[in-house]
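I have placed the structure first, in the form of C-alpha cells, so that the comments after it can refer back to it.
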Amino acid sequence: MEREVRVRFAPSPTGPLHIGGVRTALYNYLFAKKMGGKMILRIEDTDQNRFVPGAEDYIIEALNWCGITLDESPVTGGPYAPYRQSERKPMYMQYALQLVESGHAYYAFDTAEELDEMRERLKAAKVATPQYNAITRATMKNSLTLPEDEVKRRLESGDPYVIRLKVPRKEEVRLKDMIRGWVMVHSSAIDDKVLMKSDGMPTYHLANIVDDHLMEITHVIRGEEWLPSAPLHVLLYRYLGWEDTMPEFAHLPLLLKPDGNGKLSKRDGDKLGFPVFPLRWTDPFSGELSSGYREAGYLPEAFVNFLAFLGWNPGTQQEIFSLQELAQEFSVERIGKSGTRFDIQKARWFNEQYLRAKPDAELATYLLAALEEHQITCTPEKAEKIAGLMKERVSFPQDFWQEAAYFFVAPTEYSEKVASKKWNVQAVEVFQDFKNEIPALADFNADAVKELLLQILERRGMKIGQVMQALRLAATGAEAGPDLMQIIEVIGKEETISRIETAIAKLGHYATA
RNA sequence: GGUCCGUUCGUCUAGGGGUUAGGACUUCAGAUUUUCAUUCUGGCAACAGGGGUUCGAUUCCCCUACGGACUACCA
C-alpha cells in the first residue's frame, strides 16, 4: 500500500522569505499536487535568538500571494499540530534521550570557550577539519570521558549541557537523492552534531527528523545547501529506528546571483537591481526597506511561472503555464542538477506575456486605481479603451498610468528631438486648418479625424508622414506611443484643439523655416 | 584547507554514442507601421580542457580546470 504523499516547506522565521525559498515552497507544492498529496507548512523556530517579529506572517502572505495553498499549517492547523517547532518543544527530549540510552548520543558539558580552544588547538596542529568527532570527543568534557557519578551530579545540579550525536568513526553513509542519485559520504566527515541545545531546544537536525517522522512526511524537497548534512539525517533515522519509513530526499540546485558568483541571499536585498523578496519587507529592527515582486508590479502568475522554470522545465516548447498546468506537468526527474543564475529579464518577459493575455477590462482597473490616486475621474469605458491601446507596450500594471498620463494631462514639456526635427512652418499651417475645421466634425472619432487630416494634406499636396510626428508632439509631448488618431479620439475635441493651440504657441521658435 | 555537488549559445535549457546540436530570453538585421512598441522573418551565438572505451563521443569512464554548497549550542 502506497503512502499518501506528504511534503513540507519548513522555513525559519528569521526574516522575509527570499526568492529561493519561494521556489522551494513552489516545488514542494507542485509535487504534492501532482501526486495528489498534502502540502504542509512547518515553522522551524528553534533558534530563539534569531526570531524576527512578522516573519511568519510574511511567509504565509507570500505563499498565499503565489497561490500556494497549504493543507496543514500553523494557521489552519491539522491532524499533526502543532506546526511550530517552538510549540513542539516538549516532544524532542525523549528522542534525544532514546539516543543516549541506545548509545548513539551522549551528554557534553564543554563551554563555548573550551570548544574554541579545541578548534584552535587542532588548527595549530594542522588538522584539516577541526571538529568534535570520534577522535576529539575523547579529550572533551562529556559523558563518555567523565566518571559516571560526575555526569549524574552535573545533570542533577543543573549544569548546562548539550546532547551530541555519537557519529561512528568509519562508516560509509549512503543516501539516494531523487535528483542526484546515490551520494556517498564517509562518517569521518561528519562531526558529533549537537542535537539538544543547552536552552532545551533541539537543533534543526534533530527537530526536522523527529517532526518529519511524526508528521509522516514522505518526501523532503529542500535546497542543495542541505546536501552535506543529509547523511547525518540518514544516521538519525537509522538510530531512531525509523529507517524503513525515511522520506525520500530531493536537493534542489541553488539560485545564483546573475554573475554566477555565489548563491542569491537575503542579504542581497536590492543591491542587485531587482528584488530578492516576493513581498516588500520592512526590517523591524533597522527599519530598512526591501522591495518585493508584488509591489514592483509582477503578477503572481508570471512570478510563479518564471520561478518554476528556474531549474525545471517540462521538456516541451511550452513556456506559459498556469499554476494548475505546472502541477499537472511537474516531475522531480526534470529538475536540473546545476545552479541557476537569476535573470530578471526573463521575469519581465513573463510579466509582459501575462499582462497581454488579460482582457482590457481587467487591465483598465490598474489604470483606474492610479487615476483615483491622482484624483482624475475617468469612465470605465475610456479606461478600457486606453488599456487596450497600451497593453502591447507595457511591462507592469503601473506603466498604464506612467506611460499614458497624456491621455489625461496636457503635455507641459515636448520632446526636444522631435520638435527640432519635425516642427516647422508647413506643419503648423496644417495644424491651423486642422484645429479650425475640427469643430465642424459631426462625429469626433479616429476615422473621421484621420479623414479630415488627409483632406487638409491633400489640399496642400503633402503626405501624412510629414506632419504625424509633429502632431503627436502637440497632442502628447512624446515622441512615441500608440495610434495617434486613437489618442486624439480619446482626448476629445476641445482638448485636442486646446493642445494644438498650446503647442503652436509654445513651439513657435522651432517653426522658423 | 577538507567533504560533497555541479559544468551544452551571454542567460534559462532540450537532446543524447552517428543530429545541419533544438527552443526561449537577450542582442542584431529586415518586413509591417504615422512614431515607438507589438507582430512576422532571418542572423550571431554552446557541448570547459586532456586522456581513455568505441568503427565513431558532446553523450559512457577517469583526471585536470573552473564554479558552487557545506564545514556553529543557525536554519
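Numbered from 1 within each chain, the chains take letters A, B, ... in sequence-line order. Keep in mind that what you see is a predicted model, and the values were worked out from it rather than measured.
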Within the structure shown, what part of the strands sits under 4.0 Å from [X] by heavy-atom distance: base, sugar-phosphate, or nothing?
| X | result |
| --- | --- |
| A:L484 | base |
| A:K450 | nothing |
| A:G336 | nothing |
| A:T129 | base |
| A:P253 | nothing |
| A:G223 | nothing |
| A:G315 | nothing |
| A:R164 | sugar-phosphate |
| A:D110 | base |
| A:R334 | sugar-phosphate |
| A:T14 | nothing |
| A:K346 | base |
| A:V183 | sugar-phosphate |
| A:R472 | base |

Does any nucleotide pair with [N] by Watson-Crick or G-U wobble geometry, both distances under 3.5 Å, and what is it?
| N | result |
| --- | --- |
| B:G16 | none |
| B:U11 | B:A24 |
| B:C66 | B:G6 |
| B:G1 | B:U71 |
| B:U32 | none |
| B:C44 | none |

Does [N] have its OP1 or OP2 closer than 4.0 Å to a side-chain nitrogen or oxygen of [X]?
| X | N | value |
| --- | --- | --- |
| A:N313 | B:U13 | no |
| A:K263 | B:C70 | yes |
| A:N49 | B:C74 | no |
| A:K193 | B:U71 | no |
| A:T316 | B:G23 | no |

Check the side chains of [Y] and [X] for a donor-acceptor pair under 3.5 angstrom, ignoring hydrogens and angles.
| X | Y | answer |
| --- | --- | --- |
| A:H251 | A:R222 | yes |
| A:N208 | A:E44 | no |
| A:Y106 | A:D192 | yes |
| A:E171 | A:S187 | no |

*Which sits closer to the 5' end of RNA chain B, A:K197 or A:S338, going by the nucleotide each is nearest to?*
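The residue mapped nearer the 5' terminus is A:S338.
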*asked:* If you assign A:A10 and A:W312 each to the RNA chain B nucleotide with the nearest heavy atom, which residue ends up on the more 5' nucleotide?
replied: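 Per heavy-atom nearest nucleotide, the more 5' residue is A:W312.
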Taking the [atom1] atom of each, how far is [N] from [M], in whole Å?
| N | M | atom1 | answer |
| --- | --- | --- | --- |
| B:C44 | B:A21 | P | 13 Å |
| B:G68 | B:A14 | C1' | 23 Å |
| B:G15 | B:U71 | C1' | 37 Å |

*Where do A:K141 and A:E114 land on the salt bridge (Lys or Arg N to Asp or Glu O under 4.0 Å) test, with the steps shown first?*
CA-CA 9 Å; A:K141 287 202 184 84; A:E114 286 166 332; 2.3 Å; yes
Counting side-chain heavy atoms from CB outward, which of [options] is closest to [X]?
| X | options | value |
| --- | --- | --- |
| A:A128 | B:C73, B:C25, B:G2 | B:G2 |
| A:E225 | B:U35, B:A69, B:C25 | B:A69 |
| A:V185 | B:C73, B:U3, B:C70 | B:U3 |
| A:L254 | B:C73, B:C12, B:G68 | B:G68 |
| A:A189 | B:A75, B:U3, B:C12 | B:U3 |
| A:Q469 | B:U35, B:U13, B:A24 | B:U35 |

*So with a 6.0 Å cut-off around CD of A:E458, is the heavy-atom count from everything else above 12?*
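No, because the 6.0 Å sphere around CD of A:E458 holds 12 heavy atoms or fewer from other groups.
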*asked:* Please check: side-chain N/O of A:R356 versus main-chain N/O of A:E392, any donor-acceptor pairing under 3.5 Å?
replied: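 Side chain of A:R356 to backbone of A:E392: a pair is present.
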*Would you say the side-chain atoms of A:S73 pair up with the backbone N or O of A:L41, donor to acceptor, closer than 3.5 Å?*
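Between the backbone of A:L41 and the side chain of A:S73 there is no qualifying donor-acceptor contact (under 3.5 Å).
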_So for A:S198 and B:C73, does any side-chain atom that can act as donor or acceptor lie under 3.5 Å from a complementary atom in the base?_
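Indeed there is one.
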